[in-house]
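Being a predicted model, the structure only gives us computed values, none of them experimental.
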Amino acid sequence: TLNLKVCEPGDDWKSEVEAVTECEWTSEDNNIAYVGSDKLNGAAIGTTTISTTVGNVTISVPVTVEFEPIVVGDNVTAEVILDGGTYKLYFNSQNGTLWSDWQSKIGSVISNINTIEFDSASGKMYLPADSSSLFSGMSELTSIDLSKVNTSKVTSVKEMFAGCSSLESLDLGQFELSAVKTQANANNMFNDCLSLTSINTPKKTNANVNMILPATFTNYNRDQLVRI
């Protein structure tokens, strides 16, 4: 949020990116940034331009909205970057634990995320014991890097990726799911993953628990149970 300042037409606009409260400022894209309550407010990641007219002079100011790293766990932050039309989320964990409700900390942009990766400086990230619905509902997500994830504390993966309808493959090779002890805590893990065709299975599992693969998984019948 940028506070607006009362300026006169003679002020040096090249050195100040500030707005005139007497004038009516407009944004080319209110979905990115909008003017309200004497402030310039960011609404979503992206770029736009705000403009106003002082006398016979039109002033235009380019605006870029970016996210600061957001705390989404104990010693875990997330940063969202818009890169050439692709929304990328980067986790940075210092051997921390992701919160079960981490998506709510990101806000509405969570529905636009296309990829999830780890920052190059990140260490291991522990998933919470209750990891049910942890990545669910991210319908625009096409890829997710789970290489630095530690699942040794996880007791539930119910609906973990449910609704990730654009996700094509999952590498769960780092997953250790031996603490998932009941079928109820593993049900619907891939529910409505309509594009998912490839899964690298977990390295360690509970022999008494099964998972049902998505209907579109080409190597199995819809209702076939596969050991995890």
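- Between the side chains of S165 and S139, no donor-acceptor pair is found at a separation under 3.5 Å.
- The main-chain N or O of D130 is found under 3.5 Å from a side-chain atom of S100 such that the two form a donor-acceptor pair.
- The side-chain heavy atoms of V149 and F118, taken from C-beta on, include a pair separated by under 4.5 Å.
- Residues T49 and S60 meet the side-chain proximity criterion, which asks for heavy atoms closer than 4.5 Å.
- Judged purely by atom type and a 3.5 angstrom limit, Q103 uses its side chain to pair as donor or acceptor with the backbone of S136.
- No hydrogens or angles considered: a donor-acceptor pair under 3.5 Å links the side chains of Q94 and N92.
- Shortest non-hydrogen contact noted between S111 and E140 is O-CG, 3.2 Å.
- Between the T77 side chain and the P69 main chain, no donor and acceptor come within less than 3.5 Å of each other.
- The other members of the hydrophobic cluster of Y90, by chain and number, are I81 (side-chain heavy atoms under 4.5 Å, ILVMFWY only).
- A distance of 12.5 Å separates CG of N95 from CG of D74, quoted to the nearest 0.5 Å.
- At least one donor-acceptor pair under 3.5 Å links the side chain of T52 to the backbone N or O of E24.
- Taken from OG1 in T151 to CZ in F175, the straight-line distance is 6.0 Å, to the nearest 0.5 Å.
- In this structure, S27 and T48 approach most closely via the heavy-atom pair OG-OG1, 3.6 Å.
- There is a side-chain donor-acceptor pair under 3.5 Å between N185 and T182.
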Verdict with reasoning, L177 to V157, per side-chain contact (heavy atoms from CB on, under 4.5 Å): CA-CA 9 Å; L177 299 179; V157 291; 4.0 Å; yes
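- Remark: the backbone N or O of K39 is paired with a side-chain donor or acceptor of N41 at under 3.5 angstrom.
- With rounding to the nearest 0.5 angstrom, the CD1 atom of I144 is 7.0 Å from the CE atom of M138.
- Shortest non-hydrogen contact noted between I70 and K105 is CG2-O, 3.6 Å.
- By the 4.5 Å heavy-atom criterion applied to side chains, F161 and L172 are counted as neighbours.
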From CA spacing to verdict: side-chain contact (heavy atoms from CB on, under 4.5 Å), F91, E117: CA-CA 6 Å; F91 282 124; E117 305 173 38; over 6 Å; no
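- A search for side-chain hydrogen bond (donor to acceptor under 3.5 Å, both in side chains) contacts involving D145 returns S147, not counting sequence neighbours.
- Remark: side-chain polar atoms of S122 are paired, donor with acceptor, to backbone N or O of S93 under 3.5 angstrom.
- Checked by atom type and distance alone, the side chain of T142 pairs as donor or acceptor with a backbone atom of N114 at under 3.5 Å.
- The closest donor-acceptor contact from the side chain of N191 to the backbone of E159 lies at 3.5 Å or more, if one exists at all.
- The shortest side-chain heavy-atom distance between V54 and I59 falls under the 4.5 Å cut-off.
- A side chain to side chain contact (heavy atoms under 4.5 Å, CB included) with E168 is found for exactly one of S143, C193, S195, namely S195.
- With respect to L170, the side chain to side chain contact (heavy atoms under 4.5 Å, CB included) criterion is satisfied by exactly one of N200, L146, T197: L146.
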Pair W25-Y34, ring-ring contact (aromatic ring centres under 6.0 Å, His included): steps then yes or no: CA-CA 9 Å; W25 284 79; Y34 63 94; over 10 Å; no
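- Looking at every heavy atom in both residues, A33 comes nearest to V65 through CB-CG2, 4.1 Å.
- In this structure, V154 is not a member of the same hydrophobic cluster as Y126, with clusters built from ILVMFWY side-chain heavy atoms closer than 4.5 Å.
- Interatomic distance, OG1 of T64 versus CD1 of I32, reported as 10.0 Å (0.5 Å rounding).
- Atom SG of residue C164 and atom CD1 of residue I116 lie 7.5 Å apart, to the nearest 0.5 angstrom.
- Here the side chain of T155 pairs no donor or acceptor atom with the backbone of V180 at under 3.5 angstrom.
- Taking OG of S131 as the reference point, atom NZ of K153 lies at 10.5 Å (rounded to 0.5 Å).
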Candidate pair L98 and L134, rule side-chain contact (heavy atoms from CB on, under 4.5 Å), full reasoning: CA-CA 9 Å; L98 186 67; L134 197 63; 4.0 Å; yes
Full working for side-chain contact (heavy atoms from CB on, under 4.5 Å) between M160 and M189: CA-CA 5 Å; M160 190 177 199; M189 188 175 181; 3.9 Å; yes
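- In this structure a side-chain-to-backbone donor-acceptor pair under 3.5 Å is missing from W99 to V71.
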